[in-house]
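Chain naming here is simple, since letters A, B, ... match the order of the sequence lines and numbering starts at 1 in each. All values derive from a computational prediction rather than experimental measurement.
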Amino acid sequence: MERAVRVRFAPSPTGPLHIGGVRTALYNYLFARQHGGVMILRIEDTDSQRFVPGAEAYIMESLQWCGIEIDEGVGVGGPHAPYRQSERREIYLKYALQLVEAGWAYYAFDTAEELDVMRKQAETKGEAFAYNYAVRTQLATSLVLSTEEVKTRIERGDQWVIRFRMPENELVEMKDLIRGHVEVNTSTLDDKVLYKSADALPTYHLANIVDDHLMEVSHVIRGEEWLPSLPLHYLLYKAFGWEATQPEFAHLPLLLKPTGGGKLSKRDGDKMGFPVFPLFWTAPTGETAHGYREDGYLPEAFINMLALLGWNPGTEQELFSMDELIENFSLDRVSKSGARFQPEKAHWFNAQYMHRKTEAELATLYQPILRAHGIEVTDVAARHVANIMKERATFITDLWDLTSFFFLAPTEYEEKQSKKYWKGANPDILRELRTVLATITDFSAEHTEQIVHAWIEEKGYGMGQVMNTLRLALVGAGKGPGMYEVTSFIGQAETLRRIDNLLTNLKPIE
RNA sequence: GGCCCAUUCGUCUAUCGGUUAGGACGCAAGAUUUUCAUUCUUGAAAGAGGAGUCCGACUCUCCUAUGGGCUACCA
């Protein structure tokens, strides 16, 4: 049975997309691309209460930054438009009614408040309240009310919902592409709300099944939190008579907190110093949250890291481009258990991608950082500096701290380095070195090194002592690239000036 | 509480009945280095527990424990 692959990523715009959602989108995308299929973006905004302005734009910008391309859906259109469920509202009632007529669903007139009371009562008795076969005939539903009564209630404007009539004591056998066979007895399930009159909108379950059917979705790849509602969804396909074209399901393991238990949440990230969102987010309330992009991550690294959290190729390869992921991805190599997010590994991935950047790519990322610090240099210079320092950087945001001394003379001297080298004969040696440097006519790294090393040897000085004292003068700290990289870049005049600065501004430490 | 899913080094994972249980991150030690990094080498580190099935179980079955998810007129 050959079926065109059509998958969808269907977030609800209730806030910023978090990395678990990004991974779900990514796996859908990889699967679609690998099979020459279509990736759909559908916005599930059927909860008017929890709608957050800006969330949808955030979702789309995130996907774009990650390189996850949408073929059909919100923002790009397509044959099944609209792709925003709030704009499809008139579609759903018809289907809900179809189910009522067929006996698979019924009207219920209880208010949310009444149900809350019943739940509380059951709770105090130590029982769990379930709206199911056992209680539905004792409540105000179209199952017990006369047709007339139902009609007058509706016409009078009473609020109602349509609930699924979950069968009693039937075994639902399901297939999950990741977990295999799963079965559940319907008696443990309840009569889920399918449609609510209050806002004339369906709930997730109805909208999801109807849209997946209408949009000809072939594979539903979603988070494990949906596994408990799979039996309902199976039954819904059966109730509609859509079993023949029912999609295959794959429920992804969850992304867990680095320590302790539970799903990854926004608070964990802020507390532990890593982002849980792809992009910086400002909530309508003014609240903000870190994003991978602004924290200096490369999207390729972010995606690579996410892809390996719950999936592996079965080989020892760890670095994958998007194209390689598309080629190698497979649902049956997705693991079954939740993956704990590990910030250190994310750092490592990013560092790997930093090291692999070309000079030109690096300059493009680096120039804005320089400009932000008021430094204007040629691309050639930016490329040169970024390239000699990239091995030391984990994030693109590290670049400034790592390279500022190329452009700015030290204004203070690191204590550790000062204590170690600004003492004994070193100040005098530095004075001597200054005169040696002042006589050099070709200040290239190679030539300077040749002269200075010959001088050090002739004098019998310690290489480490001399070079580190010079480092103190030029960098102000015990870090950085080879000293001649620095001298040749900043030039002779600046080199001498920085030596003079140290000589006049810092008292030798005894 | 009920239902469902899961369980290999601290973490991500390989193993699809027979392996000295492999790799990666992190950690430790060493080498390289004028410093800091990078890089390289080495090391410590795992099958939740208990019953079965089998010549043989990390791998299959069951029980227990633990973790997680769901249990809304939220998705």
Side-chain angles (χ1 to χ4, degrees), chain A residues 10-14 44-47 49-50 108 110-112 115-116 119 122-123 126-131 159-163 176 178-179 182-185 187-190 192-199 201-205 207-208 222-231 251 253-254 256 258-263 305 308-318 333 335-349 351 355 389-394 402 416-417 420-421 453 456 462-472 475 477-484:
Chain A
S12 69
T14 53
E44 310 219 325
D45 52 351
T46 52
D47 184 357
Q49 304 291 309
R50 295 207 309 155
D110 336 80
T111 65
L115 292 174
D116 278 344
R119 276 194 197 93
E123 209 175 298
E127 292 162 12
F129 174 79
Y131 204 121
Q159 296 224 326
W160 47 269
V161 298
I162 291 175
R163 283 181 183 271
D176 179 273
I178 293 168
R179 280 147 231 284
V182 178
E183 52 181 50
V184 167
N185 188 302
S187 291
T188 66
L189 273 17
D190 59 357
K192 281 275 176 280
V193 171
L194 263 20
Y195 191 91
K196 45 215 157 92
S197 69
D199 49 12
L201 242 21
T203 61
Y204 170 83
H205 304 290
N208 194 262
R222 71 214 318 187
E224 193 185 351
E225 70 268 28
W226 293 109
L227 195 51
S229 35
L230 223 211
H251 289 88
L254 264 17
L256 274 18
T259 54
K263 276 202 285 190
M305 179 269 299
L308 272 293
L309 224 44
W311 170 83
N312 77 82
T315 66
E316 284 177 1
Q317 183 180 352
E318 291 210 272
R333 291 207 68 90
S335 45
K336 293 181 174 66
S337 50
R340 203 154 269 148
F341 177 77
Q342 199 192 5
E344 288 79 13
K345 190 93 183 209
H347 295 174
W348 177 81
F349 270 112
H355 299 350
M389 297 305 280
K390 70 178 179 187
E391 300 272 290
R392 290 150 217 262
T394 297
L402 252 19
K416 199 175 147 206
Q417 185 82 350
K420 203 165 168 194
Y421 295 107
H453 281 198
I456 289 173
M463 176 76 83
Q465 291 296 314
V466 178
M467 298 314 290
N468 283 309
T469 308
L470 180 59
R471 181 177 300 280
L472 179 65
V475 178
K479 61 171 187 186
M483 286 321 298
Y484 305 108

Inset, instruction - Pick the P atom in B:A72 and in B:C16, then give their distance to the nearest Å. - result: 43 Å
Legend entry - Strand partner of B:U19, provided both Watson-Crick or wobble distances fall under 3.5 Å: none
Legend entry - Nearest-nucleotide pick for A:V184, side chain only, options being B:U71, B:A75, B:C4: B:C4
Inset, instruction - May I ask you to evaluate whether A:T46 reaches the phosphate of B:C74, defined as a side-chain N or O under 4.0 Å from OP1 or OP2? - result: no
Legend entry - Residue matched to B:U59 through Watson-Crick or wobble contacts both under 3.5 angstrom: none
Inset, instruction - Evaluate the ring planes of A:W226 and A:H205, with Trp represented by its six-membered ring, and classify them as parallel (under 30°), tilted (30 to 60°) or perpendicular (over 60°). - result: perpendicular
Legend entry - Complementary nucleotide of B:G67, counting Watson-Crick and G-U pairs under 3.5 Å: B:C5
Inset, instruction - Kindly say whether A:P481 contributes a backbone atom to a donor-acceptor pair with the side chain of A:R471 at under 3.5 angstrom? - result: yes
Inset, instruction - Tell me what A:V193 touches on the nucleic acid: a base, only sugar-phosphate, or nothing, going by heavy atoms under 4.0 Å. - result: sugar-phosphate
Legend entry - Counter-base of B:A14, judged by Watson-Crick or G-U geometry with both distances under 3.5 Å: none
Inset, instruction - Return the nucleotide paired to B:U53: Watson-Crick means purine N1 to pyrimidine N3 with N6-O4 or O6-N4, wobble means G-U with N1-O2 and O6-N3, both under 3.5 Å. - result: none
Inset, instruction - For A:W226, answer base if it contacts any base atom (sugar-phosphate contacts may also be present), sugar-phosphate if it contacts only those atoms, and nothing otherwise; contact means non-hydrogen atoms under 4.0 Å. - result: base
Legend entry - Rounded distance in Å between the C1' positions of B:U20 and B:C58: 16 Å
Legend entry - Gap between atoms NE2 and C1', on A:H205 and B:C73 respectively (whole Å): 11 Å
Inset, instruction - Quote, to the nearest angstrom, the C1' distance that separates B:U13 from B:U8. - result: 9 Å
Legend entry - Minimum-distance nucleotide (side-chain atoms of A:D47 versus B:U71, B:A75, B:G68): B:A75
Legend entry - Closest to side chain of A:V182, choosing from B:C4, B:G68, B:C25: B:C4
Legend entry - Base versus backbone protein contacts along nucleotides 6-13 of chain B [heavy-atom cut-off under 4.0 Å; B, S, -]: SS--BBSS
Legend entry - Partner nucleotide of B:C27 by Watson-Crick or wobble geometry (both distances under 3.5 Å): B:G43
Inset, instruction - Just call it for A:D176: base, sugar-phosphate, or nothing, with non-hydrogen atoms closer than 4.0 Å on any strand. - result: nothing
Legend entry - By ring pair (Phe, Tyr, Trp, His ring centres under 6.0 Å) - contacts of A:F349 (at least two apart): none
Legend entry - Summary of protein contacts for nucleotides 34-47 of chain B, nucleotide by nucleotide, where a base hit scores B, a sugar-phosphate-only hit scores S (4.0 Å, heavy atoms): BBBBSS--------
Legend entry - Donor-acceptor contact present, side-chain A:N208 to main-chain A:Y204, <3.5 Å: no
Legend entry - Inter-nucleotide C1' distance (B:C25, B:G18), Å rounded: 31 Å
Inset, instruction - Would you mind classifying the nucleic acid contact of A:T203 as base, sugar-phosphate or nothing, using non-hydrogen atoms under 4.0 angstrom? - result: sugar-phosphate
Legend entry - OP1 or OP2 of B:A75 under 4.0 Å from side-chain N/O of A:R50: no
